[in-house]
Structure formats: C-alpha cells, structure tokens
Amino acid sequence: VMDLLVYLTQRPGRVLTREELEQAIWTGTVVGYDALTSAIIKLRKAFGDDSHKPWLIETVAKKGYRLIAPVTEPSNALPSAAPIPEPVGRNRRRLGVMALAAVLLASAVGGWFIFDRLASRTVNKPSIAVLPFANLSGDPKLEYFSDGITEDITTDLSKISGLLVIARNSAFAYKDQPLALKSVAESLGVRYVLEGSVRRSGNDLRINAKLIDTDSGSHLWTERYDRKVQDIFAVQDDVTSKIVTALALTLTDSETEHVARRYTHSVEAYDLFLQGQSLYARSTQEDNAQARELYWRAIKLDPKFARAYAALALTHAEDFRYGWNAPTVASMQQAIKYARQAVALDDAIPQTLWALGYVYVTNKQFDEGVTAAERAIALDPNHADAYTTLAYGRVYQGRSQEAIPLLRKAMRLNPHYPSQYPSIL
C-alpha cells in the first residue's frame, strides 16, 4: 500500500494502467486481480476518499487510476527522501503529509486500515459478496426471513475453497443503502455481487436473484423462483449451484457434499431458528433471552438440529461474557454442554465447530478451542470469526506470530470487522 501511494504521488495527474501499476508495485510477483483493487481501497479508506466523488484517487473507466490531489515537494524535505506531497485540504479538513500520515495511521491503529497484503498478492480466485436480499413482503416482521436466506447462501458459498466470500456482517453493512454496486464491490474488495429480493405471502414465496460482475456491469445469471415455503431449501441449493456454474468453480467431492448439507428438514424449525438468529444479532440481554427461547422451540420440533444447539450454546456464552445471568459459571457450563451436543449431533457443520471453539476459548480452554476452530476452518475456509477465534487461542498458547496472518485473513474476509479483531491484533 505504501509503495503504491509513493508511486502515485510521483506521477500525479497521469492515468496509470492496471498493468503498469501491478508491474511496478509487485515486480517479479504473480498477483491476483484483487491485489491492486484491494490496495486502492485501503488508501481510500485511510484518507476518507470516496470512489464516486474522489478527491484523492480517480478511477478512469477501462483505463486505470489517477492521483488527482495536488502534489508538491516540501522545501524542507531531506535530500535522500522520496518526494512527499504537501497536506491536502477538503471541506476545511487539513490532512498531514500523505506518506507520513499513511505510516502514522498504520502504526497507530495496528491494523484498522491494513489487511493482509500477502493474501492480496496470492489470492487467484473469484471473490464475491452476498448482499442482503430485500424484503418485499410488505411486513417488516418478515425481515428475519430474507436476512436468513441471505446468510444461508453466504454460508453455503463459504464452504468452497476456490471462492473468496465476504462475511455476512460486512455485507449487511450495506443493507437498505442505495449505493452503486461498483462502489460496494470496491469497498469490500470483490468482483462479483449477488443481490436479490424475497416476497413471502402466507405459504407462497417469490425469490429473485442475480449474479453481477461489477467490473463489466453484466448479469452473469438471473433467476426468479415462485415456490412454496417448503421449497426454500431447494431454492437455496439451486442458487448456490448456479453461482458455482457461472463462475466455473470446481468443487471437491467433500465440498459438494458439505455445500448441499441441510441443517434440518423441518421448515418450521428452520423458521424459528432464523427468528432466533435475527434477535441474537442485536446483542442485548433481552434479545439474547428471546433468541434462546426460539432455539429451544426449534429443537423441540427437530431434536437433531445441531445448528440450533450451537446457537443455544452461544446465547449462554454471551450471558457468561456480559454477566447477564447469575451465576456466570453456570452459564458457561451450559454453553459447553450445548456446544458439545451440537458437535456430537453433526461434526461436519463449521458453525457448530466454531461455536465449540468460541466457547472453549471464552472459558480459557485454549488448546481445545484451537482444535475446534481449526476443524471449522477446514470445512469453511472463509469463516472470518473462526480465524479470529483460532488467532486468540494461538496468542494464549504463546504462538502470537502465527496469530497475525490469521487475523489479517479474518479482516480480509470481514472488512467491516468488529473491535475485537484489531484489539487481538
């Protein structure tokens, strides 16, 4: 990122092609398409630049990038120093010397703007974000259903090793925001975007989905499903299958099996689970308790619903972390009990293994937590939170150097990451 900034400031006003920049910045290294895009995004984020109304870096369609901020060399620059631009003003804001600011920002926040540069260099695979499906049902109370479909498609795609999938939390940062897909894709560091809508009326469903290549703006695949609620699992399977075909992905036999794996065959239990997920995400004591009740109701309908047991365990783990219910020791005992039960029911679901790892690490059982998190990542190479849990465990195993690339991987997968990511880093 620093090399790119210097290269741009030495050539202000010039349109620099992607090929020229890749050759200059990554000389002698084969990099994926996302390497340059990711570096540009990091610079824009560091300086508060807007790709739609840029003051720093302009994207020139089908040509490349251009530094449009004024650049001069200060008279007091050290003789051996590379040219450094003067501060740039915008809306009465005074930015410090650009190169120095980049260094200070990187060192001061320890990762807030720096993802994994190595990953950007070596990732040679398609990248995608599943944006929140719009709820067109006319009833805000059904928002949980469209959100749940979005999350489950994301979860299915995440199991594919040949695909980089942005985490649900980062994609949901753009929920109900009228932003251009190109801008969203640049912000998330992806090329492809899946968007859609859900209309539910009683037992009837209409789901629209389209896969978009944001580089060209073309629709690689579109489909409309008019089905019954009972067909929701088949629809999700078909959407995932069509994306795999459109992106020409090759799945291993194991991935084919895991992608098609369903957590429950009870639509009623699944619906209750989605309602619980919506409440759990709010992270309040009251919502956590209500989510737990919904998970229990789902389990009563399907006693083998492993993901519901894992979610149940997480509600008790949150009670333990925040001291919501006394005694907290009892909450942790319940969390461990249900997390173990989830894995016992199905040890091929990454979410159940991550839940077990998270619970163990929260309880300072780091060796057990690391083992579970590693197993989760083996099944879901795009599970950002599993990488963070594994990194946290590594720190307390005295293996901090191994934790750093794990956290940067998590940040790449979840660009709008929560505070614990940089905190651990």
Review point. Between D147 and T150, is any side-chain donor less than 3.5 angstrom from a side-chain acceptor?
Key: no
Check your understanding: Is it true that the side chains of E20 and Y65 contain a donor and an acceptor less than 3.5 Å apart?
Key -> no
**Study point:** H265 ring center within less than 6.0 Å of F305 ring center
**Key:** no
Check your understanding: Using a distance-only test with no angle check, is there a side-chain donor-acceptor pair under 3.5 angstrom linking Y174 and S187?
Key -> yes
**Study point:** Y225 vs R206 side-chain heavy atoms within contact, under 4.5 Å
**Key:** no
Check your understanding: Does the gap between the ring centers of Y295 and Y309 come in under 6.0 Å?
Key -> no
Point to revise | Under 3.5 Å side-chain donor-acceptor pair for D367 and Y396 | key: no
Review point. Can you tell me if S170 and N414 form a side-chain donor-acceptor pair at under 3.5 Å?
Key: yes
Review point. Within a strict 4.5 Å, meaning less than it, do heavy atoms of the S400 and R394 side chains meet?
Key: no
Review point. Distance only, no hydrogens: is a donor on one side chain within 3.5 Å (strictly under) of an acceptor on the other, for N135 and S137?
Key: yes
Point to revise | Side chains of T352 and Y263 in contact at under 4.5 Å (non-hydrogen atoms) | key: no
Exercise for review: Report the residues that fulfil salt bridge (Lys or Arg N to Asp or Glu O under 4.0 Å) with D237, sequence neighbours left out, ordered by chain and then residue number.
Suggested key: R262
Review point. Do you see a donor-acceptor pair shorter than 3.5 Å between the side chains of S278 and E143?
Key: no
Check your understanding: Does I128 reach the side chain of L163, with side-chain heavy atoms less than 4.5 Å apart?
Key -> yes
